[in-house]
There are 2 protein chains.
Amino acid sequence: MKERGECHMDLNERKRKILQAIIEEYIGTAEPVGSRSISKKNELGLSSATIRNEMADLEEMGYLMQPHTSAGRIPSDIGYRFYVNSLMKRYQMSVEAMERMQLEFQKKVTQLENIIKKASMLTSAMTDYTAVVSTPEFHQSQIKKIDLVALGGETVMLIVITKDGIVKNRILSMAINDSVAARFAEILNRRLAGLTNDEINFDKIREIQDEIQSELNLHPRALVEILDFIYKTIESIDETEVYVDNVKSILKYPEYSDLGKAREMLSFLDNQKNLRSIIGKKDGDEHVSIRIGRENEFEQLYDCSLVTVNYSLGEKVIGKLGVIGPKRMNYAKVIAFLDCIASHIDKILYELYMEGE
Amino acid sequence: MKERGECHMDLNERKRKILQAIIEEYIGTAEPVGSRSISKKNELGLSSATIRNEMADLEEMGYLMQPHTSAGRIPSDIGYRFYVNSLMKRYQMSVEAMERMQLEFQKKVTQLENIIKKASMLTSAMTDYTAVVSTPEFHQSQIKKIDLVALGGETVMLIVITKDGIVKNRILSMAINDSVAARFAEILNRRLAGLTNDEINFDKIREIQDEIQSELNLHPRALVEILDFIYKTIESIDETEVYVDNVKSILKYPEYSDLGKAREMLSFLDNQKNLRSIIGKKDGDEHVSIRIGRENEFEQLYDCSLVTVNYSLGEKVIGKLGVIGPKRMNYAKVIAFLDCIASHIDKILYELYMEGE
DNA sequence: TATTAGCACTCATGTTTGTTGAGTGCTAAT
DNA sequence: ATTAGCACTCAACAAACATGAGTGCTAATA
């Protein structure tokens, strides 16, 4: 068996323990680790001097190295390799993480999502700035149909279709068979179809709860959970989400050679809430909006410009797309590009949702 | 009409010219611009002293500012605003850019693409490192069917379907009607269906060219172009592409607090060729591959670790996914996550392409 | 013999001080 | 009204210096 780049001399138990402690400490802190900090943890009951001697050995053997004479040690590639091969303990994925992943994979990607993603990709590719695109807000979407399909196992797929053609589907776990699912769906449709999602509030849901309880014999707790889920799904139809692309571009511009500022900006753009409030709500009736520096609402954007344009379904403005870049951006070019992309989106959305009418 | 934050005093022609020159210079260089550099360009025929006086005026009026006493001037927000409202000239999008955009929008997003994107999204979200995922390489895909659909206008859609179910579609511009398209497609199918894309080489294409030339009366130059396009499309079936997600994460780690290094890394990861050579080709038969620091092939990754796992269709390894992170990454966790995601992909691909057989 | 306390030594980091040069504002000449 | 000339300012860079975390080594201790 070929061990990659590993010393043949074996390590005794103590050396292994120390090496492991050092590597794990370093993984956590990214600072060279000194003998004192290992000794302090007192897991081995050794003084710093002893650790020091062992560390010197480990360095000689190639597992550790010193960035400079008076610093602590950091693991060498060989050290990491030994850790990965022999020291590291297996990690068990949490059930929640597993479930989250499965759910994410099962979620179907809608055509709309693809359009929005493509738009953000194109915007960032063509302008070389950070692109932000909001998903369309179809206000007061009328519910057209609700479907509940038993998929086998303990999973059921909930599908909500609006008059505008939006399809939301989610997986939920619930042990029912086809016929119960059908009757459940029938009740939901009878009570909810034709209503806008604004009209479907909590009271409405409670009414339905009673009816279903009396018709179908479901566990009350389970029922509440399911209805809650349905409620959230319906509510989420109009929840706008913002796609961001090419955040890394901000690093290209010298105004962000201050790493601290760059990091702050990155975490600002990581937060959906922030994004929604800069691009989510439609303010003013202008098609093209330009916010330069302090004209922006948020302090974090005081050094940036935000240029956005609206996109529409028919006559109604339903979303925005834009770029965030340095104040010294190429405004003319950006506006031309955004305008062009937006009118393309308009066309595509029209074909998708209005042509049939 | 409300002008946002703009001084009411009007600017004379000369001041406008100077302001414009300063702003455009600054947009290009991101350096405070001095009187000399404007004077040097000699477009206005004024000495630096004169410019200096005008600049002082413009500063007083609020259009410019000085980062510090002995620096050049930079535009203020009001300066940019005035530029955007009054000085800037319209930008005309190039025809190529328009076409590129249209093409991009017309390209259909395949299911496969969605899976891969989702995988990269999940990988980066769960590990918080940069994710890299290669698209599957279905070697020697047999061509099942080629379609040529006249879309009206001067566009034709070329669709190539492989036995494995891969669908490649592209738009090309070509003025032919339905019946010619159908006959064209018929010839293509007769000659190419059943062959693997490895077997379709340049000579093969030339043979077909002759046949089509004698059957259909097409412009020879146009025909060559089209066949070339078809050839490229077929060839591209097996071209693996690499999706990258969450590049920005590298900035979170202190090992990249050197901006220069970070930028270098970013541009390394922007290059498909690099990506393909680190994750594209399958090397070794190990399922999990770990490259620590200098174990990597590329100098740019000497400070990183690259952990990848294979994913497969049936028994055959057809792609990889992995993360790039600092050497002090949480290997155990990363491996667990990657493994889990990969086996999910396996399952999904199996259902998608093998279940039918 | 293995461990540890003590101490001199090293060197990255942070701070202070000095130097340089781009760019200004002002004045006087054109 | 424009411009040449000159003194002045101040960020950016460099050199000199202090600080302290962490080491290696030696001698004392269990």
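Because only heavy atoms are used, hydrogens play no part in the values below, and waters and symmetry mates are left out as well, while side chains stay in. Lettering of chains follows the sequences in order, A, B, ..., and the numbering in each one begins at 1.
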- Query: Rounded to whole angstrom units, what separation is found between the CD atom of B:E31 and the P atom of D:dA12?
  - Reply: 10 Å
- B:T69 vs C:dT24: side-chain N/O to OP1/OP2 distance below 4.0 Å: no
- Note on the structure: Comparing B:L46 with B:H68, nearest DNA chain D nucleotide closer to 5' gives the residue B:L46
- Between atom NZ in A:K15 and atom P in C:dA2, what is the gap in whole Å? 11 Å
- Item | Heavy-atom donor-acceptor pair, A:S70 side-chain to C:dT10 base, under 3.5 Å | yes
- Item | A:Q66 CD - D:dA21 P separation (whole Å) | 17 Å
- Message: Taking any heavy-atom pair under 4.0 Å as a contact, classify B:S48: base, sugar-phosphate, or nothing.
- Response: nothing
- For B:Y129 and B:T123, does a side-chain donor sit closer than 3.5 Å to a side-chain acceptor? no
- Message: Let's test this: given Watson-Crick or G-U wobble pairing with both distances under 3.5 Å, identify the partner of D:dA1.
- Response: C:dT30
- Between D:dG24 (C1') and A:E54 (CD): distance, integer Å: 15 Å
- Among the nucleotides D:dT2, C:dA5, D:dG24, whichever has the atom closest to the side chain of A:S47 is C:dA5
- Evaluate the side-chain proximity of B:Y243 to B:S134: yes if any heavy-atom separation is below 4.5 Å, no if none is. no
- Note on the structure: note: B:E59, atom CD; C:dT24, atom P; distance rounded to Å ~ 10 Å
- Message: I need the CG-C1' distance between B:N12 and D:dA1, as an integer number of Å.
- Response: 13 Å
- For the pair A:E24 and A:K89, find out whether any cationic side-chain nitrogen is under 4.0 Å from an anionic carboxylate oxygen. yes
- Would you call A:R291 and A:E297 a salt bridge, using N to O less than 4.0 angstrom? no
- Query: Quick one: does B:R36 reach the base of C:dG23 with a side-chain donor-acceptor pair under 3.5 Å?
  - Reply: no
- Message: Looking at B:R73 and C:dG25, is any side-chain donor or acceptor paired with a base atom of the opposite kind under 3.5 Å?
- Response: no
- Query: Can you tell me how far P of C:dA22 sits from CZ of B:R52, to the nearest Å?
  - Reply: 14 Å
- Using a strict cut-off of less than 4.0 Å between a Lys/Arg side-chain nitrogen and an Asp/Glu carboxylate oxygen, indicate whether A:R81 and B:E295 qualify as a salt bridge. yes
- Item | Selection from C:dT24, D:dT2, D:dT23 that lies nearest to any side-chain heavy atom of A:M55 | D:dT23
- Message: Rounding to an integer number of Å, can you tell me how far A:L64 CG sits from D:dG22 P?
- Response: 15 Å
- Note on the structure: The nucleotide from C:dG25, D:dT2, C:dA5 with an atom nearest the side chain of A:A49 is C:dA5
- Message: Pick the closest DNA chain C nucleotide for B:A71 and for A:I51 by heavy atoms, then say which residue is nearer the 5' end.
- Response: A:I51
